[in-house]
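All heavy atoms count here, side chains included; hydrogens, waters and symmetry mates do not.
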Amino acid sequence: MPTAPEALVIGAGVGGLAAALALAGRGLRVRVLEAGPRPGGKAGVVVLDGVEVDTGPSVLTLPEVFARLFARVGRPLAEAVQLRPLDPGFRYRWADGAQLDVAHHPDQTLAAVRAAFGAQAEGELAAFLAYSASIWQAAAPHFVYGPAPTWAAMAGLALRHTGALLAVDPLRSMGGGIDRWVREPHLRLLLRRYATYNGSDPRQAPATLNCIAHVELALGGYGVEGGIFALVKAMVEAIEAAGGVVETNAPVARLLVEGGRVVGARCADGAMHRAAVVVVNADVGAFSGGLLPEATPHLPAPAAPSMSGWTGLLAAALGPARLPHEVLFPADYAEEFADIFDRDRPPQDPTVYLCAQARCHGRAGWPGAEPVFLMANAPAEPAAGPREPAVWAALEARVEARLRAAGLWGAADRLLWRRDPGQLAAQLPGSRGAIYGAASNDRFAAFKRPPNRVGGLGGLYLASGSAHPGGGLPMVALSGMAAADCAAGELGLPPSGPGGEVNVQRLYPLVLALVAALIGLGAPPAAAAGELAPGRYGMELVVATFARVPVLGESRGSSVSLLLVDLTEGPDGQLRATQQVCAVEMRGAGERAQMRLSDGFLRAQGKKTWTLRLAEDGAMVADLGVDHVGFVPSGRDSPVPKRATDPGVIDWDKDGRPGATILLRAPVLGDVELYVAQRAHVRLRGRASPEGGAEGAVEVLRFEQHTIGSSHRLFDTSPEMWPDPASSGFALWPAPPGTGCGGLRAARCGGDTGGCAR
């Protein structure tokens with residue numbers, strides 16, 4: 001028998017692949033066993049008349065989650081898949097003939113609302129977006145990115161941060177929260193639709209779920225070049241590149257238990273696979289269904305399933321360009337939820353969703369036709385068994401009638417494929433065809449969802465939409481990473497590396513520009529040996545990061561700093577550097593916010609000196625010393641201020657504000673000033689380059705930072721940040737004698753005084 005993998009993953013859905021990738025990033029040997037003929041799970045594909053098309057999720061939100069995941073193996077997301085911002089992305093149609101196109105940028109969406117429904121509706125949606133952003137900021141750390149919530153943890157939160165707990169609006173229903181801010185009837189329906197993003201009922205689901213509107217309307221939804229399945233393929237490729245194995249057509253019949261611990265799995269063909277830890281990417285109902293009945297006492301009681309759906313693929317004749325996504329509402333949207341959750345039947349007048357895969361994902365079609373994905377919400381199958389096929393045939397007929405009446409299903413169009421909830425239930429044992437695991441139809445749903453580690457059974461972990469934090473592409477990816485981190489912790493591995501959830505640096509992307517790099521950067525390949533000579537140099541430092549920013553949520557960005565460096569030889573023969581910051585450019589968050597530093601901020605940095613020395617391994621090392629920004633310390637270890645009134649705070653950039661000021665233009669909220677104080681100590685480590693310069697990495701020896709105030713209270717909380725090492729780097733190159741900042745900018749940036757592109 002071959003050497004057993006250290007980690008075994010059952011199921012190659014997105015959650016399982018995310019777990020496998022995160023575990024492979026820890027250096028573990030990973031084997032993934034998938035029952036079906038291809039990976040992907042619900043994010044699957046089918047080949048119709050020679051054309052591959054997606055059959056599952058059709059929009060990607062929170063791409064930073066996947067950027068963090070790929071960072072586990074040192075791969076930038078941009079190298080794995082190409083995202084497609086869609087503008088406009090969605091077209092909503094109401095039964096009364098009203099229509100609204102939703103853009104990628106919230107400001108454009110608000111303008112479209114004003115044109116369609118008036119200035120008052122625009123103001124209502126703007127207020128709702130600020131409300132939903134505040135929910136996301138308060139809820140995401142505890143219900144999405146953190147471990148599975150517990151009553152004890154929430155009690156502690158209530159004592160420490162009562163405002164954060166109240167900000168998630170836990171006592172209202174989702175619909176009640178919407179109606180509090182929005183009176184315009186069309187917008188009320190649009191916002192209620194976000195309950196279906198996790199298969200829930202807006203009449204019963206907690207208002208906390210209104211943060212979903214922020215994720216899509218403010219943070220943006222994306223297409224993926226080549227289809228969502230391109231993301232699945234990229235994950236598989238990254239796992240295999242890290243030494244893992246993804247095996248398809250390998251259904252698991254039973255998990256193996258020895259001494260109260262899960263130690264592997266037996267496949268249907270009798271093959272045995274043993275491992276130190278086992279991650280299961282399946283609905284939790286699969287355990288009682290035969291996978292491991294012993295696990296049932298260790299899991300929460302089964303909750304009511306989320307929605308399912310009837311889905312189909314249309315070969316639609318080419319014509320006027322379609323929008324990526326369209327939604328057709330019925331005359332009485334509330335009746336759809338009543339049909340599904342109260343009457344347990346398919347909606348008699350269904351909402352119909354379409355995704356034009358060519359426009360959304362660049363998917364190729366057939367001669368004269370393009371692939372269009374169709375979906376209508378439906379209840380999961382009953383626990384007693386599936387419904388009669390005629391029930392789903394009737395729903396399909398209602399979908400077709402709705403689309404033909406709207407002019408979206410023409411005489412030449414052909415339905416090439418369909419899947420009803422019964423067929424989905426057969427494909428995914430234990431799920432009853434539910435797409436998102438359990439519904440979130442009460443305020444305690446988050447506490448009832450199974451955690452990622454199964455207590456009472458060592459070695460067993462859960463990564464799926466039915467486990468924490470829930471369903472949807474980014475959520476199941478987070479579930480996989482959380483399961484992997486729990487498993488790695490049991491094995492005694494150190495905290496996760498880039499993209500991890502453990503011990504992340506609490507940094508802020510704009511403040512990073514002060515020291516140009518405050519986190520570990522991926523060192524480029526060693527260059528040819530050489531020596532630095534005294535003289536004038538230009539230096540560029542690119543720090544790519546993932547940030548969790550108050551109100552705006554998660555974003556990917558980078559700071560690009562251009563510095564003028566003079567090297568001189570000291571009496572001891574060592575090189576001493578004097579640096580001056582010439583330009584700083586903030587990139588990456590521009591689709592959600594524009595960030596910039598004032599001229600006063602740049603001037604306040606002044607000049608700085610440091611020494612280069614040669615390490616034993618031949619690397620050049622430079623200790624940049626300790627930087628204090630926004631305050632004057634009273635001693636070596638005096639605390640960094642947390643409030644503007646704390647001792648030591650100064651007007652660092654002389655603009656009449658406390659600390660150091662960062663400028664931010666945020667969607668909906670407009671211009672915001674952030675006031676910060678920080679202490680940082682970094683060290684450069686690099687090697688000479690063939691061009692007579694140097695390149696290398698940065699080590700963070702110490703970092704403490706606080707947001708001590710802002711012009712908008714929603715931004716008063718200090719954010720978090722973690723690195724994207726593979727997209728970061730720095731370079732030092734010789735500059736002609738006499739070159740100043742202006743000349744350096746002209747040579748490097750084409751005269752741009754605001755910053756440089758690498």
Side-chain angles (χ1 to χ4, degrees), residues 14 57-69 77 83-90 92 102-110 125-126 128-146 167-169 174 177-178 181 187 190-200 202 205-224 228 231 306 324-325 327 353 435-436 440 446 465 468-479 546-556 589 591-593 666-669 714 719-720:
V14 170
S58 53
V59 63
L60 179 65
T61 56
L62 297 177
E64 294 82 6
V65 170
F66 289 93
R68 187 189 305 181
L69 174 62
L77 181 63
L83 301 184
R84 294 167 60 100
L86 307 171
D87 214 0
F90 279 79
Y92 291 91
V102 170
H104 189 72
H105 300 273
D107 289 345
Q108 295 175 14
T109 297
L110 290 170
L125 182 58
F128 179 84
L129 288 177
Y131 155 76
S132 64
S134 65
I135 292 178
W136 175 254
Q137 178 62 28
H142 308 289
F143 297 99
V144 179
Y145 294 104
V168 304
D169 203 3
M174 192 174 180
I178 293 167
W181 296 95
L187 294 182
L190 188 159
L191 295 170
R192 277 168 166 75
R193 179 176 173 270
Y194 290 116
T196 69
Y197 276 41
N198 85 337
S200 299
T208 306
L209 291 188
N210 280 322
C211 67
I212 299 174
H214 169 71
V215 170
E216 181 164 293
L217 292 177
L219 303 186
Y222 296 81
V224 177
I228 293 293
L231 180 62
S306 70
H325 310 278
V327 177
Y353 163 74
I435 295 176
Y436 310 94
S440 297
H468 174 73
L473 277 177
M475 298 297 105
V476 295
L478 286 169
S479 183
F546 307 118
R548 188 179 302 155
V549 183
V551 180
L552 302 178
E554 292 213 1
S555 65
R556 182 180 183 179
E591 293 179 354
R592 296 171 215 166
V668 180
L669 299 175
L714 291 178
E720 294 178 331

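In this structure, the side chain of S306 does not engage the main chain of S200 through any donor-acceptor pair within 3.5 Å. Within the 3.5 Å criterion, the main-chain N or O of M174 finds a donor-acceptor partner in the side chain of N210.
Between I178 and P202 the shortest side-chain heavy-atom distance does not fall below 4.5 Å. Side-chain contact between E64 and L77: absent, with no pair of heavy atoms (C-beta onward) separated by less than 4.5 Å. Here the side chains of H325 and L86 are in contact, with some heavy-atom distance below 4.5 Å. The shortest distance between side-chain heavy atoms of Y222 and P85 falls below 4.5 Å. Here the side chains of L231 and V14 are not in contact, with every heavy-atom distance at 4.5 Å or above.
With sequence neighbours left out, the ring pair (Phe, Tyr, Trp, His ring centres under 6.0 Å) criterion links F128 to Y131.
Of all heavy-atom pairs spanning A103 and T109, the tightest one is N-OG1, 3.0 Å. In terms of heavy atoms, P474 sits closest to L62 at CB-CB, 3.9 Å. Between L473 and V476, the closest heavy-atom pair is O-CG2, 3.2 Å. The two atoms that bring I228 and S58 nearest to each other are CG1-CA, 4.2 Å, heavy atoms only. For the pair H104 and G220, the tightest heavy-atom approach, listed with the atom from each and the gap, is CE1-CA, 3.9 Å. Here the shortest heavy-atom pairing between L129 and P106 reads CD1-CB, 4.5 Å.
Donor-acceptor pairing under 3.5 Å is lacking for the side chains of Y353 and T196.
The CD atom of E216 sits 11.0 Å away from the CG atom of L60 when rounded to the nearest 0.5 Å. With rounding to the nearest 0.5 angstrom, the CG atom of L478 is 8.0 Å from the CZ atom of F66. Considering NE2 of H105 and CG of D87, their distance stands at 5.5 Å, rounded to 0.5 Å. Separating the CG atom in L191 from the CG atom in L217 is a distance of 7.0 Å, to the nearest 0.5 Å.
The aromatic rings of Y194 and Y197 sit perpendicular, their planes meeting at an angle over 60°, well past the 30° parallel limit.
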